[in-house]
A.B. asks: 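One structure follows; several queries about it will come next.
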Amino acid sequence: MSIELDHVSKRFGDFAAVDDVCLEVATGELVALLGPSGSGKTTLLRIVAGLETPDSGSVRFHGEDATDRHARERQVGFVFQHYALFGHMTIFENIAFGLRVRPRAQRLRETEIRERVGKLLDLIQLDWIAERYPHQLSGGQRQRIALARALAVEPRVLLLDEPFGALDARVRQELRRWLRRLHDEVHVTSVFVTHDQEEALEVADRIVVTNRGRIEQIGTPDEVYDDPATPFVIEFLGQVNALPIPGVPEAVGYVRPHEIEVLRESVASAFPARLAQSATIGRLARLEFTLEQDRRSVNVELARDDARALALERGDLAFLRPLHLRRFEAS
Amino acid sequence: MSTGASARGMQARASVLPGFGIGLGYTLAYLGLIVLIPLSAVFVKAAELTWPAFVDIVTAPRVVASYRLTFGASLAAAALNTVFGLIVSWVLVRYAFPGKRLVDALVDLPFALPTAVAGVALTGLFAPNGWFGAWLEPHGIKVAFTPAGVLIALMFISLPFVVRTVQPVLEELPRGLEEAAATLGASRWQSFRRVVFPIIAPALMTGFALAFARAIGEYGSVIFIAGNMPMISEITPLIIVTKLEQYDYNGATAIAAVMLVVSFALLLAINGLQAWTRRRQGALT
Amino acid sequence: MDAASIGSAAFDPRHRKAAPRSLDARVSTVPGVATEPRFVRSLLIGVALAFLMLFLFAPLAFVLVQALRKGVDVYLAAIVEPDAVSALKLTLLVAGIAVPLNLVFGVAAAWTIAKFDFPGRNGLVTLIDLPFSVSPVVSGLIFVLVFGLQGWFGGYLREHDLKVIFAVPGIVLATVFVTFPFVARELIPLMQAQGTEQEEAATVLGASGWQTFFRVTLPNIKWGLLYGVILCNARAMGEFGAVSVVSGHIRGATNTLPLHVEILYNEYQFSAAFAVASLLALLALVTLALKLAVERRTRAHCRLATDRADTAAAAR
């Protein structure tokens, strides 16, 4: 089931949460909406779900216009950041909820409901807690239950709103890998919202980078990381240094810390700089330099052994040569 | 995450949830029928009077004397309750002693006890042969059937307002603030005066206003102990009842209009105070 | 706009959180640092208890003692006396009508105010609080002005031989008015704090409006609802001023229990008066006990329902 958003806009008072967004998600894809807080990604997700109505534009599922269809009839699964599990129901009842509220004509028999819930609990590897209550579970378990609950009604589209935002770093990492594996098994068209670029880069088939209600770039993780379309994208994804372009004052060159060579002798296109600070983190060394020409900081990342071979002390002069400079007009 | 009404006119925020229309409709209808329309009857009826006639009624000497008593005693009761209420809140939040849970629960008694019961009980206690009256009379202190009795009754029914308003603020006060003050050299009293008190001041004022507002309208617990002598120990609500019994609807309504205006003004003031209290509290966390 | 910013003259003991015990354990107990020297503490406790003794406990004790002073027989006789019984019946009837009416209203108003955003929402909440700020006597007067013989509907009622004032309907109306805000005031902050996510989740899963309300919302608010009902009932049974104005004080017909206490007292039948008063005092104590029980349940419920990654440590 593919999703097409066509010139969708939504304002809240004076604030443009979503500004003329066009987006296509192919069937079976796992797409990340990545951006800072307030960039409109959650609003966009809620518009797809039918929890918000766009001011203009249309939402189509597999070609069919769904803009005026009510959320309850869109057959989308939605996973909330804070789970929104029904605290007074058991895990079993939570997952079965969508199946129980169906009109009598479409309702499954009790045995079938049990079977389906059981299969889902197996899928999320939590078959042993069906009779517990949400407050007895950890955050990571609750989120998996929320996912199972959304999947129980066999949605055509799965939407996740910062699904791991409320969890510890370690649990976040485990769950994001688990989500990827689950998607590979279930193949539902999925869109998830996150502000964590590592999460987007690791999990998604394609990333949609959002900023202030607009889309900055759409591409695979490699594409947005290596070939950013705008300064915002390169600044948001990963570490980056902004360097002056010699002879062109209105332009800025962006280069990542691990794309800089550090030399002790001057060469063409190398910037003279002095070492300000250095730190070793595991097998990497991070060196902070101050450019001679305008005193700005440049961060360089090297393998630890390479850094040691340079034998630089604080205040020593070195020459930084960018290996991959991306040039943009200064904003 | 909360947002204002969208640009498409008056659109409910969570418009995906049902029941807005019917909920709002029923709420407004019920509110209008039970509360707003009957209340408006006071002002409609009062407007039938000419302005001079209205002023005559509400500034008659007997009525003015009742204002003095009602507002004066309410003010005094609220003020005294603010002091004692603060002490009670402090003790309940900060200290431990046997029976504290019971005491804490019973603070709500004036809120749960029917006013007539409070009235007859307080009168009995402070009457010349009552438990307290018998002890006070010989010293020349008359309480029952005097304005002092009114004060006692009003203190009884408005006490919980101060305690329950200040308690939550005290409970959530970060204790680290007082420890910091101590390490900086402040004595316990200085720490209270300069650190704790400014934080609970808005709540104290709100409690005072709530107690005052409750006290000025009070009827049942006061009329037994008051003595009800015109010009001396007669409260304003009683004058309204007396005029009603004499079928002087104009008089009763005029005075009721005055009381309503005061009540509404207080309601708005209390809203403002509570918003201020919450802002102050929010600044702490 | 968060939960705390809606709601006006809020007397809401339920929203007091339990004193954070773990925090106390981390606070210095050295006198003079974060707590007072011993004698100051004892003094303050003494003052507080003396004050409360005088103002709260003494009246309660007095009622109970005076009621039983002439012996249990006299006490029981006063309670089963026909006028007292009919006063009790009327009190129960009035409460039995007023509380459910205000319950339905409270739920409807809280749903509208808590789950939706619309202009004038704050004003609506203030309007709902109005009856709290009105003096009981005025609360009765307004219905006399509307339904009394000289009132707006006076002619109409007389023509059709209907009585509202000086009859039971008037008492019901006045009681509905004074207990109007109780349930709504409990539910509005509660439902706001709970937010709309669970209802949205239910809707996306396909539930209809009523299904969402009964299966998801109602179980979440049940303790707040009960609390509001308890307070509403206590006030409905104990209301004096407003009912006194509309009632006509007809023994055996339009007297509620509080009015009956007044009549007995004015006739110098003190023991009987205190006997009936003791029933009402008992009601007050039961109300307090129920309040306490529900408060405890609510605190536990809130703790459990909060989604925090650090609570609940079931092993994976």
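Chain identifiers are assigned alphabetically (A, B, ...) following the order of the sequence lines, protein sequences preceding nucleic acid strands; residue numbering begins at 1 within each chain.
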A.B. asks: Under a 4.5 Å cutoff for heavy-atom pairs, which residue among C/Leu173, C/Val245, C/Leu141 has the most contacts with chain B?
C.D. replies: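 If we count pairs closer than 4.5 Å to chain B, C/Leu141 comes out on top.
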A.B. asks: Measuring only between side-chain heavy atoms, which start at C-beta, is B/Phe97 closer than 4.5 Å to C/Leu49?
C.D. replies: yes
A.B. asks: Identify which part of B/Leu39 has an atom lying under 4.5 Å from any heavy atom of chain C, answering side chain, backbone, both or neither.
C.D. replies: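 Answer is both: backbone and side chain atoms of B/Leu39 are under 4.5 Å from chain C.
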A.B. asks: Between C/Leu257, C/Ile45, C/Thr212, which shows the greatest number of heavy-atom pairs under 4.5 Å with chain B?
C.D. replies: C/Ile45
A.B. asks: Under 4.5 Å from any heavy atom of chain B, what part of C/Phe62 do you find: side chain, backbone, both or neither?
C.D. replies: both
A.B. asks: If you tally heavy-atom pairs under 4.5 Å against chain C, which of B/Leu122, B/Thr253, B/Val262 wins?
C.D. replies: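 Option with the greatest count: B/Thr253.
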A.B. asks: Report yes if some heavy atom in the side chain of C/Phe51 is under 4.5 Å from a heavy atom in the side chain of B/Leu159; otherwise report no.
C.D. replies: yes
A.B. asks: Side chain, backbone, both or neither: which part of B/Ala275 has a heavy atom under 4.5 Å from chain C?
C.D. replies: neither
A.B. asks: Decide yes or no on side chain to side chain contact (heavy atoms under 4.5 Å, CB included) for C/Glu262 and B/Phe224, but give the supporting numbers first.
C.D. replies: CA-CA 9 Å; C/Glu262 185 197 21; B/Phe224 294 96; 3.7 Å; yes
A.B. asks: One pair to check against side chain to side chain contact (heavy atoms under 4.5 Å, CB included): C/Leu52 and B/Leu106. What are the steps and the verdict?
C.D. replies: CA-CA 9 Å; C/Leu52 292 176; B/Leu106 280 175; over 6 Å; no
A.B. asks: Which one of C/Ser208, C/Ser135, C/Gly140 has the most heavy-atom pairs closer than 4.5 Å to chain B?
C.D. replies: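 Most heavy-atom pairs within the cutoff with chain B belong to C/Ser135.
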A.B. asks: Using modelled atom types only, decide if a donor and an acceptor are shared between the side chain of C/Thr203 and the backbone of B/Leu17 within a distance under 3.5 Å.
C.D. replies: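 Flag not set: sc C/Thr203 to bb B/Leu17 has no pair under 3.5 Å.
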A.B. asks: Under the side-chain hydrogen bond (donor to acceptor under 3.5 Å, both in side chains) criterion, do B/Tyr95 and C/Glu36 qualify, and how do the steps go?
C.D. replies: CA-CA 10 Å; B/Tyr95 304 154; C/Glu36 294 66 60; 2.5 Å; yes
A.B. asks: Measuring heavy-atom distances to chain C, does B/Thr115 have an atom under 4.5 Å in its side chain, in its backbone, in both, or in neither?
C.D. replies: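 Interface part for B/Thr115: both.
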A.B. asks: What's the separation between atom CG in B/Asp108 and atom CG in C/Leu292, rounded to the nearest 0.5 Å?
C.D. replies: 9.0 Å
A.B. asks: Of all heavy-atom pairs between C/Val104 and B/Tyr26, which one has the smallest distance, and what is that distance?
C.D. replies: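 Where C/Val104 meets B/Tyr26 most closely, the heavy atoms are CG1-OH, 3.7 Å.
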A.B. asks: Tell me, for B/Leu125 versus chain C, whether the close heavy atoms (under 4.5 Å) come from the side chain, the backbone, both or neither.
C.D. replies: both
A.B. asks: What part of B/Leu36 gets closer than 4.5 Å to chain C, counting heavy atoms only: side chain, backbone, both or neither?
C.D. replies: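 The answer is the side chain of B/Leu36.
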A.B. asks: Side chains of B/Tyr30 and C/Leu101, heavy atoms from C-beta outward: is any pair under 4.5 Å?
C.D. replies: yes
A.B. asks: Quick one: what part of B/Leu273 sits under 4.5 Å from any heavy atom of chain C, side chain, backbone, both or neither?
C.D. replies: neither
